[in-house]
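Since the structure comes first, as structure tokens, the remarks are kept for the end.
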4 protein chains.
Amino acid sequence: MLFVSDNAAPVHPKVIEAIAEANHADIAYDGDAYSARLDGAFSELFERDVRVLWVTTGTAANCLALAALCPPYGAIVCHRDAHIEVDEAGAPGFFTGGAKLMLVDGAGAKVAPDGLAAACDRIRPDVHQVQPTTLSITNATEYGLSYRASEVAALGEIARARGLGFHMDGARLANALAFTGERPADVTWRAGVDALSFGFVKNGGLNAEALVLFRTDLADEIAVRRKRSGHLLSKGRFLAAQLLALLKDDLWLANAGAANDVARRIAAAASHRLLYPVEANELFLRVSAEEAAALRAQGFDFYDWGPGEIRLVASWDGQGESADRLAAAIAAL
Amino acid sequence: MLFVSDNAAPVHPKVIEAIAEANHADIAYDGDAYSARLDGAFSELFERDVRVLWVTTGTAANCLALAALCPPYGAIVCHRDAHIEVDEAGAPGFFTGGAKLMLVDGAGAKVAPDGLAAACDRIRPDVHQVQPTTLSITNATEYGLSYRASEVAALGEIARARGLGFHMDGARLANALAFTGERPADVTWRAGVDALSFGFVKNGGLNAEALVLFRTDLADEIAVRRKRSGHLLSKGRFLAAQLLALLKDDLWLANAGAANDVARRIAAAASHRLLYPVEANELFLRVSAEEAAALRAQGFDFYDWGPGEIRLVASWDGQGESADRLAAAIAAL
Amino acid sequence: MLFVSDNAAPVHPKVIEAIAEANHADIAYDGDAYSARLDGAFSELFERDVRVLWVTTGTAANCLALAALCPPYGAIVCHRDAHIEVDEAGAPGFFTGGAKLMLVDGAGAKVAPDGLAAACDRIRPDVHQVQPTTLSITNATEYGLSYRASEVAALGEIARARGLGFHMDGARLANALAFTGERPADVTWRAGVDALSFGFVKNGGLNAEALVLFRTDLADEIAVRRKRSGHLLSKGRFLAAQLLALLKDDLWLANAGAANDVARRIAAAASHRLLYPVEANELFLRVSAEEAAALRAQGFDFYDWGPGEIRLVASWDGQGESADRLAAAIAAL
Amino acid sequence: MLFVSDNAAPVHPKVIEAIAEANHADIAYDGDAYSARLDGAFSELFERDVRVLWVTTGTAANCLALAALCPPYGAIVCHRDAHIEVDEAGAPGFFTGGAKLMLVDGAGAKVAPDGLAAACDRIRPDVHQVQPTTLSITNATEYGLSYRASEVAALGEIARARGLGFHMDGARLANALAFTGERPADVTWRAGVDALSFGFVKNGGLNAEALVLFRTDLADEIAVRRKRSGHLLSKGRFLAAQLLALLKDDLWLANAGAANDVARRIAAAASHRLLYPVEANELFLRVSAEEAAALRAQGFDFYDWGPGEIRLVASWDGQGESADRLAAAIAAL
């Protein structure tokens, strides 16, 4: 009964099947038949030509994109609670060659347009200060909020006006889209996003993430950086096959919807404890240390977020009866 | 009938099985039950305590080790034809923060003791020249030769005397050991090796390589560098499970032996064409452009190595009848 | 009548003299007779053996020290207003290979002991978060406050307990010492400081700063990093000669005292406008835009710090009558 | 009687004078009146608009240019004996973020057109190999040969055709031009050079080198990189003043001519010992260990280049009678 992380969840059976089916000799690296189909499959989903590179982690997807968008001497504006700032071990600094993260605040880990503008305005345009060159947002956010397309577009507008590249960390983009019901195109490139880390591992995949490039001119450089950072797997067909399996018949969206549904059911039982609205598959609850201990005693596992706060993450597999049992247990606290 | 690369080969069925069996909820990253067993399993194989980190590529294994062994301002001595010099897109420069590769020559891509010593002696010990700090060799070499333990020990002796760290790129260590019949311990740590990239992907694995640390004090730092370079997969259990499956009952050694056997059979049919002795699973043959075309016309695929030279790589799966048909076709040229 | 920066001040005549006297053939780089005397001269000043490297900028001194103290995957704790964070164009990220600055607050740009401890405590000791490894403070601070030896020692205690290296940016250390009257040793190594950027350029020098290493074991590595970053000047004797000239008869302390005196006289005339106590050669004053314009109309130049705030910096040369005229002008506002 | 290095020479009196004259308050960094005149002064010399940044070392000039011309994942083609490869402590790797030096051979340390083309042709255009992106040559070369404009143009042609940026390390460009009598414009931008490290320190300067950008679009980025690498001196006026003093009335050319003349006179006395033609201010001579000892016994100092080889470097100041005495001493061996 793990609600610690969607990374702890199993892999969707169709993904395992796809891996087994791909198990035959084929060209190495990304020269195989599966990898060759990725651009087309994602272009269809995003209603325009895109270039797609598989990688095995969200950190790699994020930082390869950021390295292409931000020079070593530039700054990436992001939320103070962004995964790239808090939980990637300084990977942006490594991949970019020392670029700086310029932190902004904003409710629920969302970057607000005025926060973005103010952060840029604070910087003197001289050689002594690191100039902002890139914006990175997380959707759904680190607090489980989902950006609407209009919100992203407002940020995209500012980014364009100030010459900032625009990256979206979509480790849980599927959950966001399952919640808002918006089109993938609307919340990304139509809103100004240049590069998207599209997460599949937390959503039923085994170890394949998609780096989707709307600025297709960046693809060749990023392909080089992928190899150079050790992320060009020699049997890439097994990554591509996973992505294709999850795209097929919108399995990715169904998985995300199932996870969101778990979160919603728990939220309904814990509405007065919610620290943030539940707009994806994460819940942040006010739960005292004693209550947390009581839940753990019943076999539930989760993350202590802060004093009197816990984080629950729901998984694509619906987690069987665990979800309802957890909801009941919380209601009974 | 692909003899282009062992990366093109399929995955061993037991590896696929192990992945399927690992498909249940578990702790993320490397907190799972499979990852927890790695140190023990490899310690048994190497007859001493080791620390092991899984990664998905040989480039990552090599460069994480090198980054821990060589400071940004140091040099890594390696053969001019080493994979880290020729085929890793400059990854050593990226991971180390700009360290230099100091190239030495040597027959069959082996580093010779006197070549190593001479390379070091050429450097003035002042701040103007980059000082050698690390040695990296490839076993089996890029030309399919296998180091004997005594040869590695001779290099290890020099490395120790000059204060060089010692890394072995063992992308095809299994093939080398299957050929020499030596013990893993003898050709590595007993010979002075500090860190070993132990390849499994070319040898029946899907995407798991093992970075084996005999200098166990490096493990914590490398674990940080692994995360920081985006190589800490969130569902690491699927990598650990692969390694355990290949270690079980020495499947890794059987696979390597099968590949070597294919190479040996083809070599027997092409003995007057061999550019190098066949001591692992690779063959380098003198074959004219016309002959190469004739082989390709019969459905064989391989790599053009140079004018009048081709490279063949045999795979763990024995490649069914392809091997004997290729042997016959070469004999018939 | 420039009060914009002590960098705008002229060079002390004795420094120019020393340069002229050093103008004869000598060994290049730091092999000359002047450079050879530096360790001794600074060791005397600091009452213990130190190693000293000249460099031409404070940024170079700071970042060479930080690169030796902090690995690429570590974090440097510093004040949010520290020069290394705000005004060095991301140089710490460049020199360290991507290390992170971990910002703390504190009145007058001083790092407070509890702020330091709290910043460290916030970090989970796992591979996902960048771990603090180094502390850097500025003395005098960016707001012209001077650390007492006891304050530095309190920080040094925490640094030692938590295994942090300790760097002091002493671009205006001379001014701080002229103010506190404390001994150089007490406010540095006796308080736990490992490496000191000792500024001379703002204090009568032309272009020589001293990187003073109390951890003398770091000197050889930093000498390599100095060359590697292009900071090993070929005619280094002209830098060493400047430092020796400023050390002689404590000229550095007299210069700093003269600058502090200017600041003190202006402060006396502007006591109700002071944003911070004046403990060195900088003043931060509440001055309206109209008042600032009035001062500028009288020929005074300075820096607009924020809305209704200006910064004045006094120079070692006493600035002749300018200081008293400025004091009078401010009093008359 | 130092013939070890032109770095050991004194500074031209007019440079010392210029420094003394610049000793008054002025705007810090490069905001001063002297720095403002540099673009104009060098534009005149080069017969076109250029942008110029002062730095204190040739290593900084070279590597700032290379960092702007070559991405971290690219390669810089240079001669195997180039200063950037042999004597800059790996600075190109540091400044570029890990780019590779791709070494070519060529008589007298000159890059030959066919060597350049061959080096590029050897690289497979895939992501596994580092692609050449930049060419760097040294003029005069490390063996004292001077490129003719036509030779540079032949390289520039290849660079243009293959999309390589083109950098010239002109630490001794003055000596080369004094020898060939060609125009600065002809041997640089008219021949395809994008960026020039124009050396003044070896030629009478104290510590000012000029980074001359014919690709003026690179200047702003390089200005940021200069600050970020700690090379923006706060009292930059003293560097600019040096450059202006050496440009005035072509003092730089006269100095270089004087040094070349010393070298020529010694060469005349040692013609049968010359390893290379003397085309600038360096001589490489066949001199046995015994002969070298005999010269040293007479008070001459120089560099042992290899077994039975010495290097002599002549200085701008003509070195008084030393030159003729050395010539006589060699003739008398």
Side-chain angles (χ1 to χ4, degrees), chain C residues 1-2 4-13 15-17 19-20 22-29 31-32 55-64 87-91 93-95 97 201-202 205-207 224-236 238-239 301 315 317 319, chain D residues 1-2 4-13 15-17 19-20 22-29 31-32 55-64 87-91 93-95 97 201-202 205-207 224-236 238-239 301 315 317 319:
Chain C
M1 298 192 294
L2 286 170
V4 155
S5 167
D6 30 15
N7 287 325
V11 171
H12 194 284
V15 169
I16 298 285
E17 257 174 53
I19 288 172
N23 191 20
H24 47 73
D26 202 338
I27 304 296
Y29 303 109
D32 59 282
V55 287
T56 55
T57 64
T59 296
N62 289 339
C63 294
L64 287 169
D87 274 307
E88 298 193 353
F94 177 55
F95 278 81
V201 176
K202 295 178 193 297
L206 192 146
N207 60 7
V224 172
R225 289 184 182 271
R226 177 174 65 173
K227 171 62 194 175
R228 177 173 158 82
S229 57
H231 284 287
L232 181 64
L233 271 67
S234 56
K235 297 181 176 172
F238 294 105
L239 298 186
D301 201 9
S315 299
D317 62 351
Q319 297 173 275
Chain D
M1 298 192 294
L2 287 170
V4 156
S5 167
D6 30 14
N7 287 324
V11 171
H12 195 283
V15 168
I16 298 285
E17 257 174 54
I19 288 172
N23 192 19
H24 47 73
D26 203 338
I27 303 296
Y29 303 108
D32 59 282
V55 287
T56 56
T57 65
T59 295
N62 288 340
C63 294
L64 287 170
D87 275 307
E88 298 193 352
F94 177 54
F95 278 80
V201 175
K202 295 178 194 296
L206 191 147
N207 60 6
V224 171
R225 290 184 182 270
R226 178 174 64 172
K227 170 63 195 173
R228 177 173 159 84
S229 56
H231 284 287
L232 181 63
L233 272 67
S234 56
K235 296 181 176 172
F238 294 104
L239 299 186
D301 200 10
S315 299
D317 62 352
Q319 297 172 274

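Letters A, B, ... are given to chains in the order of the sequence lines, protein chains preceding strands, and every chain is numbered from 1.
- When each of D:Asp87, D:Thr57, D:Thr59 is checked for a side chain to side chain donor-acceptor pair (under 3.5 Å) with C:Lys227, only D:Thr59 meets the rule.
- Chain D forms more heavy-atom pairs under 4.5 Å with one residue of C:Gln319, C:His231, C:Glu88 than with any other, namely C:His231.
- Between atom NE2 of residue C:His24 and atom CG of residue C:Asp32 there is a gap of 8.5 Å, rounded to the nearest 0.5 Å.
- Of the possible donor and acceptor atoms, none in the side chain of C:Lys235 sits under 3.5 Å from a partner among the backbone N and O of C:Asn23.
- Per-residue heavy-atom pair counts under 4.5 Å with chain D were compared for C:Ser5, C:Ala89, C:Gly31, C:Ala8, and the maximum is reached by C:Ala8.
- When heavy atoms are compared at a cutoff of 4.5 Å, D:Val4 does not approach chain C at all.
- In terms of non-hydrogen atom pairs under 4.5 Å with chain D, the most contact-rich of C:Val224, C:Leu206, C:Ile16 is C:Leu206.
- Interface remark: D:Asp6 contributes backbone atoms only to the contact with chain C (heavy atom separation under 4.5 Å).
- Under a 3.5 Å cut-off, the side chain of D:Arg228 and the backbone N or O of C:Ala91 do not form any donor-acceptor pair.
- When every heavy atom of C:Leu64 is checked against every heavy atom of C:Arg226, the shortest pair comes out as CD2-N, 3.8 Å.
- Between chain D and the residues C:Ala60, C:Ala28, C:Cys63, C:Ser234, the most heavy-atom pairs under 4.5 angstrom are made by C:Ser234.
- For D:Leu2, the part sitting under 4.5 Å from any heavy atom of chain C is the side chain, from C-beta outward, and nothing else.
- Heavy-atom pairs under 4.5 Å with chain D were tallied for C:Tyr29, C:Phe238, C:Phe94, C:Phe95; the largest tally goes to C:Phe94.
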